[in-house]
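Working notes, structure below.
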Amino acid sequence: MNTTHVLAALIVGIATGFVFAGLRVPLPAPPSLPGIVGIVGIYVGYRIVEATGVGFDLLSWLGLG
């Protein structure tokens, strides 16, 4: 994992949050802990499938890739 990428993502996230709050626009993300845990769950599930090699290429199956 590249620390520079993580830091850049954090800075962009903070700036985006600043802009959304400044414009009084609701965040396009779940505003509570269960939402954050859900996002982390999606990431963990993705990494598990990626590490185990389970799954199939949906785009090829649909004839699009």
Side-chain angles (χ1 to χ4, degrees):
M1 177 177 0
N2 188 334
T3 307
T4 305
H5 290 158
V6 173
L7 185 58
L10 177 63
I11 291 169
V12 169
I14 291 171
T16 302
F18 183 81
V19 169
F20 273 77
L23 296 175
R24 304 226 187 318
V25 177
L27 288 174
S32 61
L33 184 58
I36 294 169
V37 171
I39 292 168
V40 171
I42 291 169
Y43 175 76
V44 169
Y46 183 91
R47 297 298 290 195
I48 289 171
V49 169
E50 192 177 57
T52 60
V54 214
F56 63 96
D57 187 350
L58 180 61
L59 292 178
S60 290
W61 184 75
L62 294 172
L64 301 173

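The figures here come from the full heavy-atom set of this structure, side chains too, leaving out hydrogens, waters and symmetry mates. Owing to the predicted nature of the structure, the values given are computational and were not obtained by experimental measurement. Starting from 1, each residue takes its place in the sequence as its number.
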Item to complete: Mind checking the CG-CZ spacing from Leu23 to Phe18? Nearest 0.5 Å is all I need.
Response: 9.5 Å

Practice prompt. Please report the shortest heavy-atom distance between Val54 and Val49, naming the atom on each side.
Written response: O-CG1, 3.0 Å

Worksheet item: Is Val40 reachable from Val6 through a run of I, L, V, M, F, W or Y residues, each pair having side-chain heavy atoms under 4.5 Å apart?
Response: no

Worksheet item: Going by heavy atoms in the side chains, are Leu10 and Ile14 under 4.5 Å from each other?
Response: yes

Worksheet item: Would Trp61 and Leu59 show up in the same hydrophobic cluster when neighbours are defined by side-chain heavy atoms closer than 4.5 Å?
Response: yes

